[in-house]
Protein chains: 2
Amino acid sequence: MTGIPSRAGIAPAEGLRERKRRETRQRIAEVALRLFLTDGYDGTTLDAIAAAAGISRRTFFSYFKSKDDIILFGLDADSAMLIADLLKTSPDVAPLDAVRDVMVKRIASYTTEQMIAVDNLMMSSESLLARKQTRYAEQEQLLFNALCEVWRQPERRAALRMVAMVSIGAMRVALAGWREQTGQRKPAAKFLRDAFDSLRTEL
Amino acid sequence: MTGIPSRAGIAPAEGLRERKRRETRQRIAEVALRLFLTDGYDGTTLDAIAAAAGISRRTFFSYFKSKDDIILFGLDADSAMLIADLLKTSPDVAPLDAVRDVMVKRIASYTTEQMIAVDNLMMSSESLLARKQTRYAEQEQLLFNALCEVWRQPERRAALRMVAMVSIGAMRVALAGWREQTGQRKPAAKFLRDAFDSLRTEL
DNA sequence: AATAATATTGCACTTAGTGCAAATAAACAA
DNA sequence: TTGTTTATTTGCACTAAGTGCAATATTATT
């Protein structure tokens with residue numbers, strides 16, 4: 001029993017431990033990304049990352065479970081926002097349109113350089129490329145779960161699974177097309193809209 | 001100058017070298033798969049595989065470029081057949097219908113036990129799961145190329161990209177649904193047809 | 001049989017990742 | 001402050017995948 005310091009229960013008033021942990025994790029990610037961009041992914045060892053972040057090699061693994069995981073740092077927040085947006089939509093609109101609108105809105109908020117840099121990095125390593133694909137699969141699953149929350153009729157589940165698959169796929173194809181264009185004029189949002197339009201055309 | 005042995009040029013009359021190489025590769029794959037099923041993927045070392053196949057550990061890498069690659073052995077032949085079938089279809093039918101029909105036809109020819117065994121294996125290891133996803137991405141690309149061969153109008157390329165994406169996606173979702181069903185009564189082909197039907201419904 | 005081309009092997013090496021136990025630092029109670 | 005509990009950091013030894021290289025063995029060629 002003994003009093004909880006000041007504020008009760010919720011928001012446990014981040015102590016020194018939590019803060020340092022958060023900062024260290026952030027520092028590792030920043031330092032690693034910088035090294036990746038200069039020396040390449042495969043050319044950067046965990047020893048180098050640990051040294052640059054001021055920790056031991058062993059400690060790295062208490063922050064990230066693998067070298068690959070560094071790249072995924074921060075990306076979860078993005079898809080969480082997308083899901084949050086989607087959960088706010090009305091069940092009256094068509095699921096595919098809802099997802100498209102939410103995606104288009106989100107994609108416009110990204111900075112171009114960051115996206116290209118991270119994407120190029122991912123293309124440079126086999127294991128990162130593989131990791132990227134599994135991430136799409138995970139996102140598809142999350143999206144499907146969210147869709148089921150909004151459109152709750154059980155008889156539509158099979159269709160919603162297809163909507164999730166098609167949406168993540170359209171996003172993937174759109175981003176690939178956007179990345180491959182020479183000169184980078186058109187915004188990613190346009191590629192995304194075109195991809196969803198193409199779906200209707202041929203199907 | 002100097003006669004080509006007996007038959008000219010084409011089909012260079014497989015010599016001892018080629019035959020042994022083919023046999024060794026086959027033997028490694030068989031032996032490895034057997035070990036994977038008994039000891040698990042991560043529980044099977046390359047040393048064990050090499051020993052069981054009667055080669056040195058170093059030699060393994062002249063047959064497969066990684067441990068993961070063993071699983072993919074033989075799968076290429078399957079997708080090659082699918083592509084070959086597709087290339088025979090007429091440009092008059094709708095691309096998506098053509099792909100669906102070819103897939104349904106192909107999937108019926110698989111033996112159930114094999115599929116389940118390999119699939120369970122893939123689920124058991126992170127790196128194999130990642131590999132499976134990249135394989136889907138590769139198949140999507142191959143399928144897109146084939147579609148462009150049959151339906152040659154440049155203005156339809158964007159749509160064909162979507163058809164490829166959607167088709168591989170439908171197959172992926174169908175196989176996942178088929179695998180997860182308890183009791184394994186319905187054939188995979190039915191799941192595949194339902195998946196393609198669901199596409200039309202919600203889109 | 002001699003020679004050229006290719007395959008196999010052993011060896012040393014790098015790197016990612018894990019288990020464990022000792023040392024260190026933060027949180028908490030008196 | 002001091003002592004105690006609890007979480008974190010670290011070093012060390014280890015496993016296993018994968019690579020480079022040079023020596024050896026095998027197959028092909030003339």
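Labels below follow one simple rule: chain letters A, B, ... track the order of the sequence lines, proteins then strands, and each chain is numbered from 1.
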*Among dT18(C), dA7(C), dA17(D), the nucleotide that comes nearest once only the side chain of Arg17(B) is considered*: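 The listed nucleotide nearest to Arg17(B)'s side chain is dA7(C).
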[X] side chain N/O closer than 4.0 Å to the phosphate oxygens (OP1, OP2) of [N]?
X        : N       : answer
Thr45(B) : dA16(D) : no
Ser62(B) : dT8(C)  : yes
Lys67(A) : dT15(C) : no
Ser56(B) : dT8(C)  : no
Arg21(A) : dT9(D)  : yes
Arg58(A) : dC20(C) : no

*Side-chain heavy-atom pair Arg106(A), Asp78(A) within 4.5 angstrom cut-off*: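 Side chain of Arg106(A) against side chain of Asp78(A), heavy atoms only: no contact under 4.5 Å found.
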Between [X] ([atom1]) and [N] ([atom2]), how many Å, whole number?
X        : N       : atom1 : atom2 : result
Asp42(B) : dA17(D) : CG    : P     : 9 Å
Phe60(B) : dT8(C)  : CZ    : C1'   : 15 Å
Ile49(A) : dG17(C) : CD1   : P     : 10 Å
Phe36(B) : dA16(D) : CZ    : P     : 14 Å
Ile28(A) : dT9(D)  : CD1   : P     : 9 Å
Arg57(B) : dC11(C) : CZ    : C1'   : 11 Å
Asp47(A) : dT10(D) : CG    : P     : 13 Å
Arg27(B) : dA7(C)  : CZ    : C1'   : 14 Å

*How would you label the contact of Thr44(B) with the nucleic acid (heavy atoms, under 4.0 Å): base, sugar-phosphate, or nothing?*
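If one applies the 4.0 Å heavy-atom cut-off, Thr44(B) turns out to touch the sugar-phosphate alone, with no base involved.
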*Report which part of the nucleic acid Tyr63(A) touches: base, sugar-phosphate, or nothing (heavy-atom distance under 4.0 Å, all strands).*
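Contact class for Tyr63(A): sugar-phosphate only.
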*With Lys67(A) as the cation and Phe36(A) as the aromatic partner, state whether NZ or CZ is under 6.0 Å from the six-membered ring centre and within 45° of the axis.*
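No; the conditions do not both hold, so Lys67(A) does not lie above the ring face of Phe36(A).
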*asked:* Could you check whether Arg25(A) makes a cation-pi contact with Tyr63(A), meaning its NZ or CZ is under 6.0 Å from the centre of the six-membered ring and within 45° of the ring axis?
replied: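 No.
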*Which residue, Ile28(A), Ile49(A), Val31(A), forms the side chain to side chain contact (heavy atoms under 4.5 Å, CB included) with Ile55(A)?*
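Among Ile28(A), Ile49(A), Val31(A), the one meeting side chain to side chain contact (heavy atoms under 4.5 Å, CB included) with Ile55(A) is Ile28(A).
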*asked:* Under a 4.0 Å threshold between the charged nitrogen and the carboxylate oxygen, would Glu23(A) count as salt-bridged to Arg27(A)?
replied: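 No, this pair does not count.
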